[in-house]
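Numbering starts at 1 and runs along the sequence shown. Values below: every heavy atom of this structure, side chains too, minus hydrogens, waters and symmetry copies.
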Amino acid sequence: MKRGDWKVTHQGVAVDTNGVLVDGQHRLAAVIEAGVSVEMTVFMDVPADTFDVLDTGKKRNAADVLAIEGEKSTMQLASMVRTVWLYDNRPDLTWAGGNASVTNHQILETLERNPKIRDFVVLGDQLSQEVGMIKSAAGAASYLVSRVNLPNKLQPWFDGVIDGAGLKRGDARLKFRNLMLNMARRQAGEVRRRRDTREHVGLYLTAFNAWAAKEPVSRLQYSARSPMPAIAKV
């Protein structure tokens, strides 16, 4: 721009129907830094929901898109929403490779359909600290059980898993808590093993279903090849 070498191309700036700049932020920042005027293509009144699919040079991840939308804790929230989408759409597949691909647009649509998931970011942090779960897995799994159960019915589950005090041997909450703590300790020394979100969610839901059915648990298991459990009602 300073040298006068700027050329007009199809890549310019775009403003949506709400008057929000949805593409061209870097180009306009360059104009300010260069301190010169240049010509560029301007697109007006583009649909507001196109932001998350625009090509911007540096690819926007889901957390970037959520940040622009004004969300908080965007990294964890994006991972939680992604996990919910995978549970809803690919419950019987592994969540790795191509099977784990979720677009930014699907993230936004899933968040719009599941607005209360935002309320489980803090709980995900708490469960991660207390029992060693992956934060996003803990938050997403907790939200998933809340979709089909009343909040007052779930409080004993959350309290038992987080605290563990006074739980009897065979209580699914205690078994789950101890298993996750043991896994976290074991995996801490295994730098080559990646912690598996699907495994954590599967174990969480398996334990929850046993607790909801008031079934004593001698051993808690969930195979990586198993489909995701349907969620029981308390």
Side-chain angles (χ1 to χ4, degrees), residues 10-34 38 40-90 95 99-130 133-151 154-155 158 162 195 197-198 200-201 204 231:
H10 67 287
Q11 291 182 305
V13 298
V15 179
D16 72 13
T17 52
N18 297 317
V20 176
L21 179 70
V22 293
D23 196 19
Q25 292 92 337
H26 294 156
R27 298 180 190 93
L28 294 180
V31 170
I32 294 172
E33 186 174 339
V38 298
M40 64 178 68
T41 307
V42 178
F43 299 89
M44 301 296 296
D45 296 327
V46 301
D49 61 357
T50 59
F51 169 78
D52 53 303
V53 297
L54 290 172
D55 178 12
T56 59
K58 178 184 177 182
K59 184 178 180 181
R60 292 188 180 105
N61 60 30
D64 294 332
V65 174
L66 292 181
I68 295 295
E69 293 291 322
E71 300 291 344
K72 299 177 180 179
S73 304
T74 54
M75 290 291 289
Q76 184 174 339
L77 181 60
S79 295
M80 287 168 55
V81 174
R82 174 179 173 273
T83 300
V84 169
W85 189 93
L86 289 169
Y87 177 86
D88 289 339
N89 294 275
R90 295 173 185 167
W95 294 352
N99 291 334
S101 178
V102 182
T103 68
N104 292 344
H105 191 61
Q106 288 167 331
I107 293 289
L108 289 177
E109 286 184 330
T110 303
L111 180 58
E112 185 175 356
R113 290 194 301 269
N114 299 270
K116 291 185 178 180
I117 193 174
R118 298 177 177 93
D119 301 336
F120 290 84
V121 170
V122 173
L123 182 57
D125 285 337
Q126 191 174 9
L127 282 169
S128 177
Q129 293 174 5
E130 295 297 331
M133 280 190 77
I134 299 170
K135 288 183 181 181
S136 58
S142 297
Y143 168 70
L144 287 170
V145 301
S146 79
R147 287 201 307 193
V148 296
N149 286 284
L150 296 174
L154 294 176
Q155 201 57 51
F158 295 137
I162 291 170
R195 302 173 78 201
T197 295
R198 191 175 191 277
H200 283 209
V201 173
Y204 183 109
I231 299 169

query = Partners of R147 by salt bridge (charged side-chain N to carboxylate O under 4.0 Å, His left out), sequence neighbours excluded?
reply =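 Partners of R147 by the salt bridge (charged side-chain N to carboxylate O under 4.0 Å, His left out) criterion, ordered by chain and then number, come out as D88.
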Test salt bridge (charged side-chain N to carboxylate O under 4.0 Å, His left out) applied to D45 - qualifying residues, sequence neighbours left out =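 Not a single residue meets the salt bridge (charged side-chain N to carboxylate O under 4.0 Å, His left out) criterion with D45.
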Tell me every residue that passes side chain to side chain contact (heavy atoms under 4.5 Å, CB included) with [X], counting only those two or more places apart in sequence or in another chain.
X: Q76; answer: M80, V121, D125, K135
X: A62; answer: A78, N104, I107
X: T41; answer: V8, F43
X: M40; answer: W6, V13, R27, L28, V31, V38

Provide the closest heavy-atom pair for [X] versus [Y] in the form atom of the first, atom of the second, distance.
X: L86; Y: A100; answer: CD2-CA, 4.1 Å
X: V42; Y: M44; answer: CG1-SD, 3.8 Å
X: S146; Y: F120; answer: OG-CZ, 3.3 Å
X: V84; Y: A140; answer: CG2-CB, 4.1 Å
X: A137; Y: T197; answer: CB-CG2, 4.0 Å

ask   = Are any side-chain N or O atoms of N18 and backbone N or O atoms of V20, one a donor and one an acceptor, separated by less than 3.5 Å?
value =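 Here the side-chain-to-backbone pair does not exist.
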query = Do the side chain of S128 and the main chain of M133 share a donor and acceptor less than 3.5 angstrom apart?
reply =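 Present.
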query = Would a 4.5 Å heavy-atom cut-off, applied to side chains only, mark L123 and I162 as touching?
reply =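 Yes, side chains in contact.
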Starting at [atom1] of [X], measure out to [atom2] of [Y] and round the result to the nearest 0.5 Å.
X: I231; Y: L144; atom1: CD1; atom2: CG; answer: 4.5 Å
X: L66; Y: M75; atom1: CG; atom2: CE; answer: 10.5 Å
X: D16; Y: D23; atom1: CG; atom2: CG; answer: 11.5 Å

Can you list everything that forms a side chain to side chain donor-acceptor pair (under 3.5 Å) with [X]? Sequence neighbours excluded, please.
X: Q155; value: D159
X: S142; value: Y204
X: N149; value: none
X: R90; value: none

key: Residue pairs, two or more places apart or on separate chains, that pass salt bridge (Lys or Arg N to Asp or Glu O under 4.0 Å) and touch residues 99-118   =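 Qualifying pairs, neighbours excluded: E71-R118.
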